[in-house]
Amino acid sequence: MARIYDFLYSITLVIVLQSIFPTRGKVTTPPLPILPLPSYSQLKWQQREIIMFLHFGVNTFTDSEWGTGHESPRVFNPTKLDANQWMDAIAQAGVSLAILTAKHHDGFCLWPSKYTDHSVIKSPWQDGKGDVVKEFVDAAKAHGGIDVGLYLSPWDRHDSRYGKNKEYNEYYLAQLQELLNNYGNLREIWFDGAKGTNAPNMTYYFSDWFAMVKELQSSINIFSDAGPNVRWVGNEQGFAGKTCWSTINGTSLSIGEAGIEHYLNTGDPKGTDWLPPECDVSIRKGWFWHKKESPKKLSELLKIYYNSVGRNCVMLLNVPPNKEGLISETDVRRLKEFRGAIDTIFSTNTAEKCSIKASSQRGGKHGGFGPEKVLDGDHLWTYWAPSDADNEEQWIELRARNGTVKFNVIRIQEAIGLGQRIKKHEIFVDGARIASGTTVGYKKLHRLKKGVVNAHTITIKVTESRDTPLISSVGLHFDPFWDPKGEVDAPAED
Ligand SMILES: *[C@@H]1O[C@H](CO)[C@@H](O)[C@H](O)[C@H]1NC(C)=O
Ligand SMILES: *[C@@H]1O[C@H](CO)[C@@H](O)[C@H](O)[C@H]1NC(C)=O
Ligand SMILES: *[C@@H]1O[C@H](CO)[C@@H](O)[C@H](O)[C@H]1NC(C)=O
């Protein structure tokens with residue numbers, strides 16, 4: 001008998017101890033990534049969502065877009081230049097990276113380059129002792145939280161070395177070194193392939209330039225039509241393709257080449273390089289400030305936002321300082337409205353009022369990959385993953401806990417740190433299909449053509465994917481600015 005009691009005693013003890021100190025089960029491992037993957041710098045860039053371009057130079061004073069190179073440096077005379085005012089506007093717009101045109105096609109340099117006198121040195125501004133690049137960089141630093149980038153135009157319509165390959169490439173590389181060595185950390189450097197028709201044989205030594213850039217600042221992102229870190233989206237309207245892969249075959253691209261715009265716009269699911277697109281667009285018609293132009297309407301800016309950020313891209317919004325050297329009050333106001341609208345739309349996620357379930361989850365109930373991860377506020381490294389065996393339908397279902405939820409925008413985000421995967425998805429509201437799409441990537445926004453809906457259940461189905469889909473975040477939002485009736489659909493790629 002005693003033995004039985006001993007036995008029962010031991011068993012009870014084990015049960016009690018286990019409930020106090022549960023044995024740590026093995027945690028389910030994350031799934032393998034699918035190549036190619038973003039670099040650390042590319043991930044940081046993607047999360048910025050909106051970045052800003054500042055076109056400023058002699059064109060600001062001559063009312064032109066492309067200077068001839070024959071402008072006198074004496075026209076450059078901003079009377080109230082204040083880079084702190086720029087940074088205030090940039091910060092108010094919630095933007096964390098700004099890129100300045102250190103030199104545009106006209107060849108005039110906003111910093112006192114040692115290698116030319118076609119620069120601020122010969123201007124009346126600050127008696128030729130000024131340095132706009134330095135003011136820009138210092139103001140960003142003083143502001144905290146704003147990073148900087150620069151554009152140094154390869155095409156130079158002023159310098160006599162242009163057209164002579166060796167001399168001009170040496171000149172360009174020397175200026176690149178000045179900018180990369182003397183102005184602290186730059187987060188992005190911008191290149192394009194524009195060329196003069198008067199120098200058809202001019203060759204830009206991009207490989208040399210890019211190697212030098214990475215040698216001097218390894219964490220910088222290099223932008224050009226063809227990367228190597230960020231690619232052009234193929235147009236200057238700020239619209240990405242409805243299908244938009246961050247992946248593409250970089251080696252098949254060349255900088256300044258025509259005819260690749262469609263490929264740049266949509267990317268390539270088989271692409272061997274992670275080379276995500278940036279959508280450059282100006283708040284006004286032109287890139288430089290012109291007295292007669294005014295900023296785009298809020299509705300236009302929002303449309304660009306949905307067609308760029310909402311299609312897996314970063315929006316590069318140009319806001320040109322004016323003749324005084326300030327960002328115009330009209331533009332400052334519009335930027336404030338734009339940021340206010342984005343915050344209004346996205347600061348509330350009614351999906352948080354829903355219960356959530358999924359077709360399956362990796363590692364089962366305690367695997368750590370359940371559908372609740374799409375509502376935890378982390379947009380990258382926590383995510384819902386279906387089980388590997390889930391070859392049937394892969395879906396997440398949100399159900400209003402109490403009555404219905406109201407929204408007109410649906411947001412889906414993939415865990416792109418493990419590669420871009422989703423090829424096709426569909427969204428159902430109370431059983432009826434309300435939207436469908438192809439790629440998702442970092443962020444996909446659907447503005448519902450139907451307008452506002454009040455729904456009990458919302459189902460997001462992944463119908464085609466390169467590998468197990470990983471969804472990091474889902475949102476149901478209400479956009480009070482969205483009027484589907486007043487909308488002419490954007491001429492975007494399918
Ligand atoms: C460009 O190169 C071609 C072939 O080498 C040559 O015939 C032509 O004269 C060059 N053009 C100029 C403007 O230098
Ligand atoms: C991109 O490269 C991959 C791998 O080499 C290839 O399978 C794919 O067809 C290429 N894409 C295009 C559009 O050529
Ligand atoms: C559900 O809705 C009713 C009526 O609107 C409200 O009184 C109640 O507090 C809600 N319950 C929860 C849990 O939100």
Side-chain angles (χ1 to χ4, degrees), residues 30-43 45-46 188 190-194 203-204 206-207 209-211 213-214 221-280 307-314 316 388 391 394 412-425 436-444 462-470 490-494:
L32 288 172
I34 169 169
L35 300 178
L37 298 181
S39 70
Y40 180 80
S41 300
Q42 286 170 323
L43 268 186
W45 166 88
Q46 186 95 45
E188 183 162 338
W190 229 78
F191 295 94
D192 59 18
T203 304
Y204 301 142
F206 284 115
S207 305
W209 301 353
F210 294 172
V213 169
K214 289 287 179 176
N221 283 314
I222 299 177
F223 168 99
S224 84
D225 296 10
N229 306 122
V230 177
R231 77 175 195 257
W232 185 44
V233 77
N235 63 62
E236 293 184 344
Q237 278 76 56
F239 289 178
K242 282 181 182 161
T243 295
C244 187
W245 293 95
S246 294
T247 52
I248 201 162
N249 290 334
T251 48
S252 73
L253 306 172
S254 57
I255 303 168
E257 182 189 355
I260 58 171
E261 291 84 353
H262 175 79
Y263 190 56
L264 291 171
N265 201 239
T266 59
D268 186 343
K270 296 201 170 85
T272 51
D273 303 291
W274 188 274
L275 190 41
E278 187 172 273
C279 302
D280 56 325
N307 289 341
S308 56
V309 176
R311 288 179 179 170
N312 186 37
C313 290
V314 166
L316 173 58
D388 284 338
N391 299 320
Q394 293 165 324
I412 313 173
Q413 300 190 236
E414 258 185 280
I416 58 164
L418 292 159
Q420 191 180 347
R421 297 162 180 242
I422 296 172
K423 287 174 122 170
K424 276 193 183 141
H425 64 282
S436 63
T438 53
T439 48
V440 172
Y442 177 67
K443 186 174 276 191
K444 173 71 188 185
V462 178
T463 50
E464 208 183 321
S465 186
R466 286 173 68 217
D467 203 329
T468 312
L470 308 174
E493 310 284 350
D494 270 312

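Atoms within a ligand are numbered from 1 in the order they appear, just like the ligands themselves. When a residue number appears, it is its place in the shown sequence, counting from 1.
With hydrogens left out, the protein atom closest to atom 14 (O) of ligand 2 is Asn249 ND2, 4.0 Å, a heavy atom. Annotation: atom 4 (C) of ligand 2 to nearest protein heavy atom, Thr272 CG2, 3.9 Å. The single protein non-hydrogen atom nearest to atom 7 (O) of ligand 2 is Lys270 CD, 3.7 Å, given as residue, atom name and distance.
Annotation: Tyr204 is not in aromatic contact with Phe191 [ring centroid separation under 6.0 Å not met].
Atom numbering of ligand 2 starts at 1 in the shown order; those under 4.0 Å from a heavy atom of Asp268 are 1 (C), 10 (C), 11 (N), 12 (C), 13 (C).
The closest side-chain donor-acceptor pair between Ser246 and Asn312 falls under 3.5 angstrom. Looking only at atom types and distance, the side chain of Asp268 has no donor-acceptor partner in the side chain of Thr247 under 3.5 Å away.
Going from atom OH of Tyr263 over to atom CG of Asn249 covers 3.5 Å, rounded to the nearest 0.5 Å.
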